[in-house]
Amino acid sequence: AAARNLIVQQKLTLDRGILEGFELAFEGPLGTDSLEKTQALFKPLLTEKCGEDLNKPGRRPGGRMSESKYVSIKPFWIERGPLELEDWSVGGKAGRAKFILTKSMTLNLRRLSRAVA
């Protein structure tokens with residue numbers, strides 16, 4: 001179901017949708033060690049078929065007409081809620097960002113975005 005939604009709504013290729021669906025279904029609950037082993041086995045097979053940048057988002061659902069309804073959380077489009085958007089990666093009054101996006105946080109944000117998309 002996850003792969004189908006990504007293919008239909010965000011216009012990802014079939015191979016890319018299968019890869020993202022696989023990651024959502026099987027890699028999400030894994031710890032770091034198990035995740036690395038699983039990716040070493042399967043990712044080369046699946047990414048070879050995708051032949052595209054895995055951080056590139058698909059098409060925004062609804063096209064240009066829905067520009068204000070979706071926000072890109074790479075590489076997925078997430079439907080916006082009613083609150084105003086705030087980019088915490090931009091410096092505040094002191095010139096510093098409110099958070100730092102580390103490699104592990106980027107991975108967790110991607111997992112969460114994939115589940116919501």
Side-chain angles (χ1 to χ4, degrees):
R4 183 184 64 232
N5 288 342
L6 290 172
I7 292 166
V8 172
Q9 292 179 356
Q10 300 193 22
K11 309 292 188 234
L12 297 180
T13 63
L14 178 61
D15 293 331
R16 170 83 183 275
I18 290 170
L19 172 64
E20 298 294 351
F22 171 81
E23 289 180 347
L24 177 63
F26 297 106
E27 291 183 357
L30 297 178
T32 306
D33 293 339
S34 298
L35 177 63
E36 288 173 2
K37 290 176 184 174
T38 302
Q39 286 181 342
L41 289 171
F42 294 106
K43 202 118 183 184
L45 300 171
L46 294 171
T47 54
E48 185 178 297
K49 291 195 81 170
C50 289
E52 60 186 83
D53 181 8
L54 296 178
N55 289 320
K56 179 184 173 195
R59 294 185 187 159
R60 181 187 309 113
R64 290 185 181 177
M65 300 301 284
S66 65
E67 189 170 343
S68 63
K69 289 182 66 178
Y70 292 88
V71 63
S72 175
I73 301 180
K74 289 189 180 178
F76 305 104
W77 289 100
I78 307 298
E79 192 169 358
R80 284 186 57 175
L83 301 178
E84 196 64 35
L85 292 179
E86 183 176 348
D87 188 352
W88 285 11
S89 65
V90 176
K93 292 178 184 175
R96 292 183 289 185
K98 292 185 179 183
F99 68 90
I100 297 172
L101 201 54
T102 62
K103 185 178 178 179
S104 64
M105 191 61 213
T106 301
L107 175 65
N108 289 333
L109 187 57
R110 183 183 175 105
R111 286 177 167 179
L112 181 61
S113 299
R114 182 185 300 119
V116 173

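The structure displayed is predicted, hence computed values, not measured ones. Both backbone and side-chain heavy atoms feed into the values below; hydrogens, waters and symmetry mates do not.
Heavy-atom minimum distance, Thr38 versus Leu30: OG1-CD1, 3.4 Å. Contact record, Trp77 with Pro61: CB-CD, 3.6 Å, taken as the closest heavy-atom pair. Across Tyr70 and Arg60, no two heavy atoms sit closer than the pair CB-CG, 4.0 Å.
In this view, Thr102 and Ser104 satisfy the side chain to side chain donor-acceptor pair (under 3.5 Å) rule, not counting sequence neighbours.
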